Asks: 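I have a structure here, written as structure tokens, and I will follow up with some questions on it.
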Amino acid sequence: MSAAMGLAGSGLSTIVIERLSDSAHTRYHSICGEAVSDRMLDLLGWRPSAVTTGVDSIAISTPKGSRVEVPAAGVIVSRPAMLAEMRGLSDAEFVHGSVASVERTDGGFLLRLQDGREVTCRYLVGADGAHSAVRRCVFGTGPTDRIHVVNCIVSGDAPAKLEFYVGGIYGGSYGWRFPAGDGRVSVGFETGVIRPREIDGIIEYGARDIPFGVPDRVVDGNCILVGDAACLPNPLCYGGIGAALLSGAKAAEAVRNGKPEGYQKWLSRSLMSDRHFMKAHRAFREWTDEEIEVAMRPFRKGYSTWRGILAAITHPSRFNVYLATFLALRYGW
């Protein structure tokens with residue numbers, strides 16, 4: 001949708017292929033943390049009007065009571081309302097269908113839909129998620145790594161913070177609790193940690209794969225991968241909405257300029273493709289509860305940049321995790 005919005009008024013004929021029906025589309029996009037940082041929106045140069053509440057910090061807690069809060073400015077959006085707003089700002093044709101295969105042609109690409117219809121195009125933006133048909137057919141690759149999560153919408157209230165819970169039942173992953181507005185809270189965790197139906201106040205829930213590890217190539221000729229198809233969610237904080245919005249806009253810019261390779265250069269220089277994140281993600285997956293507690297000790301009197309630098313210097317074996325976590329919380333969502 002971000003790419004379609006960015007192509008509005010370009011003079012190009014744009015088609016958006018959406019596999020979900022209207023009701024399924026609304027439900028799928030509602031079962032989500034819906035957090036986007038101010039930094040991402042500033043880079044995008046557009047702010048949705050569908051903002052539920054603001055966010056002023058990120059808190060990380062352990063079962064033994066250790067807790068650190070990091071200042072972080074952002075918003076919780078109503079994702080379905082935001083997408084509807086973006087659709088209204090585009091001039092694309094919308095087609096309901098699911099892409100079965102993609103083939104190269106002399107002039108671009110041929111897409112075959114599950115129902116037999118065909119679509120041809122000169123430029124192709126693969127924005128089709130963790131299990132991208134475009135990535136599979138054109139690039140021949142899958143996600144570097146991925147995690148299967150459950151997100152639940154429950155009744156209740158939460159402060160204007162993104163709350164993360166590490167250690168204990170969450171193992172090398174984490175659980176989260178985000179404000180969702182209107183007396184609702186978004187609660188999430190890796191599949192298998194908790195039975196969603198046993199959560200007090202459960203309203204609805206859904207599951208999805210979050211892919212990590214940006215592939216070496218996200219551009220092949222006139223084909224560009226964005227969002228989850230490019231495995232852009234952050235491997236530490238799992239943030240993916242901001243990355244999807246920004247990458248879609250950058251893909252539209254590259255198509256407008258007739259230079260898809262410019263998108264590859266942009267992403268290669270972006271923090272979103274920083275290899276420190278995947279390295280830290282894999283290291284943290286192996287940490288024990290005791291290692292997590294020890295890593296939190298430098299911040300028992302509160303978070304500051306200087307305490308973070310001191311922790312990284314005095315514990316060089318954890319340097320990459322400290323650095324990547326700082327970058328993820330500040331810039332990864």
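Here the structure is a predicted model, which is why all the values come from computation and not from measurement.
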Asks: Taking all atoms of both residues into account, what is the closest heavy-atom pair of M82 and P48, and its distance?
Replies: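 That would be CG-CB, 3.6 Å.
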
Asks: State the CG-OH distance between L43 and Y331, to the nearest 0.5 angstrom.
Replies: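 Nearest 0.5 Å value for the CG-OH distance: 11.0 Å.
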
Asks: Minimum heavy-atom separation for L225 and Y263, please, with both atom names.
Replies: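 In this case the closest contact between L225 and Y263 is O-OH, 2.8 Å.
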
Asks: When you look at NZ of K279, are more than 12 heavy atoms from neighbouring residues, nucleotides or ligands closer to it than 6.0 Å?
Replies: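 No, NZ of K279 has 12 or fewer neighbouring heavy atoms, counting only those of other groups under 6.0 Å.
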
Asks: Apply side-chain contact (heavy atoms from CB on, under 4.5 Å) to the pair C152 and V150, showing each step before the final yes or no.
Replies: CA-CA 7 Å; C152 308; V150 177; 3.9 Å; yes

Asks: So, does D128 use its side chain to make a donor-acceptor pair with the main chain of V134 at under 3.5 Å?
Replies: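 Yes, because the side chain of D128 sits within donor-acceptor range (under 3.5 Å) of the backbone of V134.
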
Asks: Report yes or no: does N257 contribute a side-chain atom to a donor-acceptor pair with the main-chain N or O of K259 at less than 3.5 Å?
Replies: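 No, because the side chain of N257 does not come within donor-acceptor range (under 3.5 Å) of the backbone of K259.
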
Asks: List the residues meeting side chain to side chain contact (heavy atoms under 4.5 Å, CB included) with I203, not counting sequence neighbours, and say none if there are none.
Replies: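 I203: side chain to side chain contact (heavy atoms under 4.5 Å, CB included) contacts with I153, S155, R184.
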
Asks: For N234 versus G332, what's the shortest heavy-atom pair and its separation?
Replies: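 The answer is CB-O, 3.5 Å.
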
Asks: For salt bridge (Lys or Arg N to Asp or Glu O under 4.0 Å), just list the numbers for R67 and E69, CA-CA rounded to whole Å, side-chain angles, deciding distance to a tenth of an Å, and then say yes or no.
Replies: CA-CA 7 Å; R67 180 180 172 86; E69 288 197 23; 3.1 Å; yes

Asks: Is any side-chain N of the basic residue among D228 and R146 closer than 4.0 Å to the acidic one's carboxylate O?
Replies: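 Salt bridge: no.
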
Asks: Within the 4.5 Å heavy-atom criterion, are H315 and Y322 side-chain neighbours or not?
Replies: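 Touching, per the 4.5 Å side-chain cut-off.
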
Asks: Please report the C-alpha distance between E93 and T14 in whole Å, then the side-chain angles of each, then the deciding distance to 0.1 Å, and finally whether the side-chain hydrogen bond (donor to acceptor under 3.5 Å, both in side chains) criterion is met.
Replies: CA-CA 6 Å; E93 174 188 352; T14 305; over 6 Å; no

Asks: Can the positive tip of R87 be found less than 6.0 Å from the middle of the six-membered ring of F94, inside 45° of the ring normal?
Replies: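 Yes, a cation-pi geometry.
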
Asks: Checking side-chain contact (heavy atoms from CB on, under 4.5 Å) against C231, which of S273, S132, P211 comes through?
Replies: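 It is P211, the one option of S273, S132, P211 that forms the side-chain contact (heavy atoms from CB on, under 4.5 Å) with C231.
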
Asks: Is there a salt bridge (Lys or Arg N to Asp or Glu O under 4.0 Å) between D22 and R27? Walk through the geometry before answering.
Replies: CA-CA 9 Å; D22 289 346; R27 184 180 186 279; over 6 Å; no

Asks: Which label fits F326 and Y303: parallel for a plane angle under 30°, tilted from 30 to 60°, or perpendicular past 60°?
Replies: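 Aromatic pair F326/Y303 classed parallel.
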
Asks: Hey, what do you get for OG1 (T325) to CD1 (I60), rounding to the nearest 0.5 Å?
Replies: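 Nearest 0.5 Å value for the OG1-CD1 distance: 6.5 Å.
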
Asks: Do you know the tightest heavy-atom contact between G9 and D91?
Replies: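 Closest approach of G9 to D91, heavy atoms only: N-OD2, 2.9 Å.
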
Asks: Could R177 and F189 be counted as a cation-pi pair, given that NZ or CZ must be under 6.0 Å from the ring centre and within 45° of the axis?
Replies: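 R177 over F189 ring: no.
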
Asks: So, R297 and E290, do they make that salt bridge, N to O below 4.0 Å?
Replies: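 Here R297 pairs with E290 in a salt bridge, since their nearest N and O are under 4.0 Å apart.
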
Asks: Between Y174 and Y238 (judged by ring centroids, cut-off 6.0 Å), do the two rings come close enough to count as a pair?
Replies: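 So the answer is yes for these two rings.
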
Asks: Under the side-chain contact (heavy atoms from CB on, under 4.5 Å) rule, what do T62 and Y165 come out as? Steps first, then yes or no, please.
Replies: CA-CA 6 Å; T62 72; Y165 305 93; over 6 Å; no

Asks: Mark yes or no for whether S270, through its side chain, and L267, through its backbone, hold a donor-acceptor pair below 3.5 Å.
Replies: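 No; judged by distance alone, with no hydrogens or angles, the pair does not exist.
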
Asks: Only one of D216, V218, I224 clears side-chain contact (heavy atoms from CB on, under 4.5 Å) with Q264; which?
Replies: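 Exactly one pass, corresponding to V218.
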
Asks: Answer with yes or no whether the side chains of E34 and S78 bring together a donor and an acceptor at under 3.5 Å.
Replies: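 No, E34 and S78 have no side-chain donor paired with an acceptor closer than 3.5 Å.
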
Asks: May I ask you to say whether E190 pairs ionically with R285, meaning some side-chain N is under 4.0 Å from a carboxylate O?
Replies: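 Looking at E190 and R285, the cut-off is met.
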
Asks: If you take all heavy atoms of L44 and S2, which pair is closest and at what distance?
Replies: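 Taking L44 first and S2 second, the nearest heavy atoms are CD1-OG, 4.3 Å.
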
Asks: Which atoms form the tightest heavy-atom contact between H96 and S21, and what is the distance?
Replies: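 Taking H96 first and S21 second, the nearest heavy atoms are NE2-N, 3.5 Å.
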
Asks: State whether the number of non-hydrogen atoms from other residues, nucleotides or ligands found under 6.0 Å of F319 atom CZ is greater than 12.
Replies: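 Check fails, neighbour count at 12 or below.
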
Asks: State whether the side chain of S30 and the backbone N or O of T26 hold a donor-acceptor pair below 3.5 Å, judged by distance alone.
Replies: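 Checked: pair present.
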
Asks: Starting from Y205, can I reach L20 by hopping between I/L/V/M/F/W/Y residues whose side chains sit under 4.5 Å apart?
Replies: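 Hydrophobic grouping puts L20 apart from Y205.
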
Asks: What pairs meet the side chain to side chain donor-acceptor pair (under 3.5 Å) rule with one or both residues in residues 110-127, with sequence neighbours excluded?
Replies: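 Every side chain to side chain donor-acceptor pair (under 3.5 Å) pair that includes a residue of residues 110-127, provided the two are not neighbours, is E103-R112, R112-E118, D115-R117.
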
